[in-house]
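Everything below concerns the one structure shown next.
The sequence lines fix the lettering, A, B, ..., with proteins before strands; numbering per chain opens at 1. Please read all numbers here as calculations on a predicted model, not as lab measurements.
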There are 2 protein chains.
Amino acid sequence: MLKKITTVPLPTIRRLPTYLRVLEEMRKWGKEYVSATDIADYLGLTPIQVRKDLAVTPIQGKPKIGFEINELHRAIRSFLGWDKTTEAFLVGAGSLGSALLGYNGFDEYGLNIAAAFDANPRLEGMEIHGKTVFSLDKLPDLVNRMGIRIAVLTVPRDAAQECADQLVAAGIKGIWNFASPHITVPAGVVVQNENIAQGLAVLSVKLAEKLEVP
Amino acid sequence: MLKKITTVPLPTIRRLPTYLRVLEEMRKWGKEYVSATDIADYLGLTPIQVRKDLAVTPIQGKPKIGFEINELHRAIRSFLGWDKTTEAFLVGAGSLGSALLGYNGFDEYGLNIAAAFDANPRLEGMEIHGKTVFSLDKLPDLVNRMGIRIAVLTVPRDAAQECADQLVAAGIKGIWNFASPHITVPAGVVVQNENIAQGLAVLSVKLAEKLEVP
DNA sequence: TAGATTGTTAATCGATTAACAATC
DNA sequence: TAGATTGTTAATCGATTAACAATC
């Protein structure tokens with residue numbers, strides 16, 4: 001009986017950011033209301049699925065008219081917690097880390113990378129895309145003082161697990177893991193693995209199918 | 001009756017690259033055989049799921065021993081088509097495009113980015129991480145001459161659809177889309193959308209749940 | 001009003017998990 | 001041999017899709 005409150009399906013959560021972008025797009029076109037059918041047509045989904053997904057927000061659509069774009073947009077952002085900014089640290093200032101430091105779209109997702117950390121002492125004190133790089137041993141203290149809960153992990157694969165352990169020890173509660181296909185963390189810590197190879201695998205297989213049986 | 005041959009579940013396909021990494025890891029430890037149980041323990045999955053996933057390959061495991069690591073590794077790579085190199089073009093040599101050009105892990109995935117293209121004439125002829133940047137209008141001819149089928153799309157969001165149309169017109173069959181949450185293409189062309197915001201959405205929601213109900 | 005769209009409840013579909021005989 | 005592990009068939013679980021009354 002416990003444990004199940006109203007778990008929103010993971011696929012739904014993954015589609016929500018796309019709805020945000022679609023709503024922004026349609027707002028740009030001067031629209032004020034949008035129906036689930038419009039969104040579904042635009043994205044190649046079914047209207048029923050879109051309506052189910054949007055039901056995670058408390059926003060009610062109006063029959064024959066649809067949803068108020070701004071209101072829906074605000075509600076989805078709020079559901080994702082993207083209406084307030086969360087500060088995060090980036091760990092591993094290599095090429096991928098640097099690229100992410102230079103990405104300026106995170107504020108749209110309620111995320112701000114406050115600082116970067118690297119094991120290489122030669123990077124200490126440097127700025128990458130305006131973010132200061134600190135020595136990794138400064139991390140626990142700064143996590144504590146700034147109340148940081150999220151880390152973006154972009155170290156080399158071999159360093160991933162050890163580094164994750166340090167992050168957990170320092171009090172990090174969520175790890176956005178670009179470093180390794182899998183890391184082990186204690187319960188109470190959330191890991192989101194990002195792995196570019198997954199998408200490429202899907203593309204590879206689908207393309208092979210298409211080319212075989214056209 | 002048509003159409004369904006033996007569709008491998010998408011979640012399975014997405015897990016396959018991770019199995020490759022795990023097999024490499026275990027090979028490094030000097031192991032020769034690995035059981036589905038070992039892999040499952042390592043990744044936090046169930047042994048049954050791992051066995052089901054591995055059944056997409058023709059490799060048979062040996063009861064009590066497991067699977068021959070090298071053989072299984074080769075079979076998964078073969079299933080994904082990653083045993084032969086596929087040449088691809090990257091379109092959009094901005095910060096994300098440059099970062100991907102500098103990523104040297106693609107050969108593990110059977111992908112080689114042969115060249116980059118950009119609409120900005122000032123980039124023409126430049127080299128980024130050893131890859132030459134061509135003008136976008138050279139793309140159709142080069143796609144044709146080199147028989148390129150895959151494009152990595154890393155242009156700004158607003159240019160994504162127009163650029164995708166050009167790629168399709170040029171004969172590209174698979175688009176790995178980092179540019180926009182959604183693009184429309186004709187049937188016969190495969191699109192794989194990569195969207196960093198999806199993973200962050202999952203992390204955000206899971207973390208919020210954890211912090212609310214610890 | 002008629003018809004498009006909503007939200008909800010039920011049916012279907014697909015993936016995961018369980019059960020179990022076969023095997024080394 | 002006993003026991004761990006395999007591969008397969010059946011049961012369960014969860015997400016998607018369908019059906020439909022309510023509404024503007």
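Non-hydrogen atoms lying under 4.0 Å from DNA chain D are contributed by B:S35, B:A36, all within residues 14-39 of chain B.
Outside the 6.0 Å centre-distance limit, the rings of B:W176 and B:Y109 are not counted as a close aromatic pair. Aromatic pair A:F117/A:F89: ring centres closer than 6.0 Å.
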For nucleotides 7-10 of chain C, give me every protein contact, N/O to N/O, under 3.5 Å, one pair per line with atom names.
{"residue": "C:dG7", "atom": "OP1", "partner": "A:G61", "partner atom": "N", "Å": "2.8"}
{"residue": "C:dG7", "atom": "N7", "partner": "A:R51", "partner atom": "NH1", "Å": "2.6"}
{"residue": "C:dG7", "atom": "O6", "partner": "A:R51", "partner atom": "NH1", "Å": "2.6"}
{"residue": "C:dT9", "atom": "O4", "partner": "A:K52", "partner atom": "NZ", "Å": "3.4"}

What pairs of nitrogen or oxygen atoms, one from the protein and one from nucleotides 1-4 of chain C, lie under 3.5 Å apart?
none

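Interatomic distance, A:I150 CD1 to A:I175 CD1, rounded to the nearest 0.5 Å: 10.5 Å. Put simply, CE on B:M26 and OH on B:Y19 are 11.5 Å apart, with the number rounded to the nearest 0.5 Å. Rounded to the nearest 0.5 angstrom, B:L101 CG and B:K131 NZ are separated by 7.0 Å. For the atom pair CG of B:D165 and CD1 of B:I172, the computed distance is 13.5 Å after rounding to the nearest 0.5 Å.
Other residues, nucleotides and ligands contribute more than 12 heavy atoms inside 6.0 Å of the NZ atom of B:K31.
Scanning DNA chain C for stems, defined as runs of 3 or more consecutive Watson-Crick or G-U wobble pairs whose donor-acceptor distances all fall under 3.5 Å, gives the following ranges: C:3-24 with D:3-24.
A:S204 contributes a side-chain N or O that, together with a main-chain N or O of A:L200, makes up a donor-acceptor pair within less than 3.5 Å. Counting only distance, with no hydrogens or angles, the side chain of A:S98 and the backbone of A:G94 share a donor-acceptor pair below 3.5 Å.
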request  = Please assess A:D53 against A:R15 for the test salt bridge (Lys or Arg N to Asp or Glu O under 4.0 Å), listing each intermediate value before the final yes or no.
outcome  = CA-CA 8 Å; A:D53 286 344; A:R15 282 188 294 268; 2.6 Å; yes
inquiry  = Evaluate A:L16 against B:V205 for side chain to side chain contact (heavy atoms under 4.5 Å, CB included), listing each step before the verdict.
reply    = CA-CA 11 Å; A:L16 293 177; B:V205 171; 6.0 Å; no
Listing, residues 177-192 of chain A side-chain donor-acceptor contacts under 3.5 Å, not counting sequence neighbours, or none:
{"residue": "A:N177", "atom": "OD1", "partner": "A:A179", "partner atom": "N", "Å": "2.9"}
{"residue": "A:N177", "atom": "OD1", "partner": "A:S180", "partner atom": "N", "Å": "3.3"}
{"residue": "A:N177", "atom": "ND2", "partner": "A:S180", "partner atom": "O", "Å": "2.8"}
{"residue": "A:N177", "atom": "ND2", "partner": "A:N193", "partner atom": "OD1", "Å": "2.7"}
{"residue": "A:S180", "atom": "OG", "partner": "A:H182", "partner atom": "N", "Å": "3.3"}
{"residue": "A:S180", "atom": "OG", "partner": "A:H182", "partner atom": "O", "Å": "3.1"}
{"residue": "A:H182", "atom": "ND1", "partner": "B:Y42", "partner atom": "O", "Å": "3.2"}
{"residue": "A:H182", "atom": "NE2", "partner": "B:L43", "partner atom": "O", "Å": "3.4"}

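The distance between atom CG of B:L54 and atom P of C:dT16, rounded to the nearest whole Å, is 13 Å.
Comparing A:I65 and A:Q49, the nucleotide of DNA chain D nearest to each residue sits closer to the 5' end for A:Q49.
Here A:E24 pairs with A:L20, A:R21, A:R27, A:H73, A:E108, B:R157 under the side-chain contact (heavy atoms from CB on, under 4.5 Å) rule; sequence neighbours left out.
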